[in-house]
Amino acid sequence: MVDPKIQKQRELLPIFPYRQQIIDAIKKKNLLVITGETGSGKTTQIPQYILENFPECRLIGVTQPRRIAAMTVAKRVSEEHGTRLGNEIGYSIRFDDCTSTKTRLRYMTDGVLLREATTDPKLSNYDVIIVDEAHERTVETDVLFGLLKQTYRMRPELKILVMSATLNVEKFSDFFNKCPTMDIPGRMYHVEINHHRDAKISSLKSTYIERAVDTALFIHQEEPPGDVLVFLTGQNDIERACRDLEREARHLRRSDIRYGKHVKAMVVYPLYASLETMEQRAIFDEPPEGTRKFVFATNIAQTSVTIPGIKYVIDSGFVKQKSYDPNTGMDALLVVPISQAAATQRAGRAGRTAPGKAYRLYCRESYEQMDEETIPEIQRSSLLGTVLSLKKMGIQDIINFEFIDPPDPLLVTNALRQLFLLEAIDASGRLTSLGDLMTIFPLNPFLSRVLISSAKEFNCSREIVIIVSMLSAEEVFHSPKNEEKQMIAEEARKQFYHSSGDHMTLLNIFEAYRDCGHDIDWCRERYLNHRALSIAKNVREQIQDIMEKNGLPIISCRRNENSNDEERTRKKRKTYYRETKYDPEPILQSLATAYYIHLSKRHPHRPVFYHYASGAASESVDSNSSLLALHISPTSALYPENKVVKIESLDWLIYHAIVYTNKALMKTVSKIRYNWVEEKMSLFKQLPKTRLDGSEVANKESGQNDDMSENDPVKKNRRIEAIAAAKERALRRRAMAQE
DNA sequence: GAGCACTGC
């Protein structure tokens, strides 16, 4: 039953007066862009308006970038609607499908809808698709846009709604055939913006932490009560700033009589994603009377986490951002200036419950020089998985796929070459049967490739499923800051080390975690990340399920139990954990079927390694004749100082990923033999002979023989311009980061 | 002897 109180609340939302107008617009047009600030009620109300006024509509899909949002919104809406969650209104997120055959309104993550599209590109179950939070421009929403535009041509009766914050409106509308737009006012309080008098953002990079602390002190001394949110870039920054503020405040309290004009006491909290104490919900509580709360946070506070009661925001002007370099195939995490849109969003965090103030540590001129919008993720990520999904949907010509902001073609070719090396596509860019099978897994294509070879060639799929699950979760080792604790953590880690490297070490950890009954305290004592292990456990179950459904056998390469080797080895070498329980060879060979692409060779005299031949990387490295030295990460079992193996015994390593900081560090490495991968290496030589961009196939299929993959000159020019602009922005960002 | 922002299938 619908609660009259809830009905009243719905009618008080800023969107309610626009109800009829919205319904009419949706009736008249199948494409529509709706903008509105936070608090307008668009996410919860518009889908209900459709539900109530379009009885012929079978299923409405609403996508969200985050799991939590999909879940909580669905819950709220089902309450408003007076039905049980999972009946008429439900949600679908990975590991948790709360829908039924009765469901007519389904909230989900954009990733879930995208996966659904790989098997049903027409999205034939849906009559309405709503893409919410479109301004966030995740890779998934951007791909959905291109896909929806295509689907719309095949199914013009499909209704598509794009919902976004009040930015980018024209861009979205232009993309969807110049469709109409509507703006819904939000419920936000005024935020007064204060720029620094003269600080240029280019000179701020080395000083923003202390300036942020100074500004925090200033607010504490001069401003009326109200909590403070400070945006910094990472864990180190945040911990330092927290310490500094507390120290400075102590000094000041002793020396300055003006201290505490308005507020006497303070509490200071850090906030970042890997913080285990997210469960210590104190951050979200109201501080005691006469105490001011300070929260030093990463970008997590810009979109994902809302802290109530914030009246003041301090914006450093920087963010730590991932950017993938297709030339080297490396991901770098760089501290870069934010965009104007991000600055606005940060300031807005001060006006959620009352009027507020934002202090920007940079001057107005610097603000005006910032990019208007954050560069969409699709222009700074590896597109490997995306390209494979698109191929599976039957889209051959990826370079000319209609992206709202096209990625650098280099990113696309880089992905295509890697897919060729994984044998997922052939020399003309067509999906192979192996590639087709790889798309059944919700994983990075490298990992999908390994899973298939473990089941079909090497008979060790039980173990590989575990290793793959661990690799797709977060970092398992927790590194404490405190020196003494660090020693304990290192000792604990040694217990799991395997002499072949980190992949077998991950297997050891997972099995030990299972043997202890998935105990959280057991993890804490060993400084293992419980959250990572529990995700791995879920992923493992999901993968096993998928394999069984697709006829891929789960086979173990565990040795016979009657051997006493295991016990003997453990006694002899106390630091090793179950060194002999498995034969590592098939496991490593199976990993090498994909990770030969990440092969490195040791320098004959120095403790560093070099890329042996990795697609794009080997080319640019060879032509510059300046090889990039790769180091083994200190957390690795094979790190020489950990004394598990001698570095001289390592000749060839495969690595899972490189993190680039001051040095290029290989994370998660294992020792392999070259003859395992020798045959595969010939695929590198075939690369130059391929036409992977799919233009050839696409043109043949559409009856054209033109070598040019794009025939409309206007469209082509627009695309080239967009790409050039993106490249220039990327260069500027890099230059800025290196200053 | 190094240090990793945030999501998601």
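Numbered from 1 within each chain, the chains take letters A, B, ... in sequence-line order. This structure is a prediction, so every number in the text was calculated from the model and none was measured.
At whole-Å resolution of the value, CG in A:Leu471 and P in B:dG8 are 20 Å apart. Here B:dA5 presents its P atom at 7 Å from CG of A:Leu333, a figure rounded to the nearest Å. Across the protein-nucleic acid pair, A:Glu136 atom CD and B:dT7 atom C1' stand 9 Å apart, rounded to whole Å. Rounded to whole Å, the distance from CD1 on A:Ile68 to P on B:dC9 is 11 Å. One interatomic measurement links the two molecules: CD of A:Glu140 to C1' of B:dC6, which rounds to 12 Å at whole-angstrom precision. Residue A:Ile658 contributes atom CD1, which lies 14 Å from atom P of B:dC4 at whole-angstrom precision. Going from atom CZ of A:Arg346 over to atom P of B:dA5 covers 14 Å, rounded to whole Å. Between the CG atom of A:Leu630 and the C1' atom of B:dA2 there is a distance of 15 Å, given to the nearest Å.
Taking the charged nitrogens against the carboxylate oxygens, A:Glu490 and A:Arg493 have no contact shorter than 4.0 Å, which rules out a salt bridge. Taking 4.0 Å as the cut-off between side-chain N and carboxylate O, A:Glu133 and A:Arg66 do not count as a salt-bridged pair.
Set against B:dA5, B:dA2, B:dC9, the side chain of A:Glu490 has B:dA2 as its closest nucleotide. Listed candidates were B:dC9, B:dT7, B:dC4. Nearest to the side chain of A:Thr109 is B:dC9. The side chain of A:Gln235 has B:dA5 as its nearest neighbour among B:dC9, B:dA2, B:dA5. When distances run from any side-chain atom of A:Tyr639 to the nucleotides B:dC6, B:dG8, B:dG1, the shortest one goes to B:dG1. Among the nucleotides B:dC4, B:dA2, B:dA5, the one closest to any side-chain atom of A:Thr298 is B:dA5. Nearest nucleotide to the A:Ser304 side chain, out of B:dT7, B:dA5, B:dA2: B:dT7. Here the side chain of A:Arg94 is nearest to one of B:dG1, B:dC9, B:dC4, namely B:dC9.
Annotation: ring pair (Phe, Tyr, Trp, His ring centres under 6.0 Å) contacts of A:Tyr126 (sequence neighbours excluded): none. Remark: A:Lys392 pairs with A:Asp436 by the salt bridge (Lys or Arg N to Asp or Glu O under 4.0 Å) rule, at least two apart or across chains.
Between A:Tyr527 and A:His478, the ring planes lie parallel to each other; the angle is under 30°, not in the 30° to 60° tilted range.
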Show me the side-chain donor-acceptor pairs of residues 299-306 of chain A shorter than 3.5 Å, one per line, residues at least two apart or across chains.
unit_1	atom_1	unit_2	atom_2	d
A:Asn299	OD1	A:Arg346	NH2	2.8
A:Gln302	OE1	A:Arg346	NE	3.0
A:Gln302	NE2	A:Gln345	OE1	3.1
A:Thr306	OG1	A:Arg349	NH1	3.2

Can you list, pair by pair, the side-chain donor-acceptor contacts under 3.5 Å of residues 544-551 of chain A, counting residues two or more places apart and other chains?
unit_1	atom_1	unit_2	atom_2	d
A:Asp545	OD2	A:Lys549	NZ	3.1
A:Asn550	ND2	A:Ile546	O	2.8

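A salt bridge (Lys or Arg N to Asp or Glu O under 4.0 Å) check over residues 233-245 of chain A, counting only residues at least two apart or in different chains, returns the pairs A:Arg240-A:Asp244, A:Asp244-A:Arg247.
Applying the 4.0 Å criterion to OP1 and OP2 of B:dA2, one finds that A:Lys663 has a side-chain N or O inside that range.
Comparing A:Gln542 and A:Lys320 by the nucleotide of DNA chain B that holds the closest heavy atom to each, the one mapping nearer the 5' end is A:Lys320. Mapping A:Pro634 and A:Arg67 onto DNA chain B by nearest heavy atom places A:Pro634 at the nucleotide closer to the 5' end.
Counting any heavy atom pair closer than 4.0 Å across all strands shown, A:Glu239 reaches no nucleic acid atom.
Residues from residues 111-120 of chain A placing a heavy atom under 4.0 Å of any atom in DNA chain B, listed by number, are A:Gly111, A:Val112, A:Arg115.
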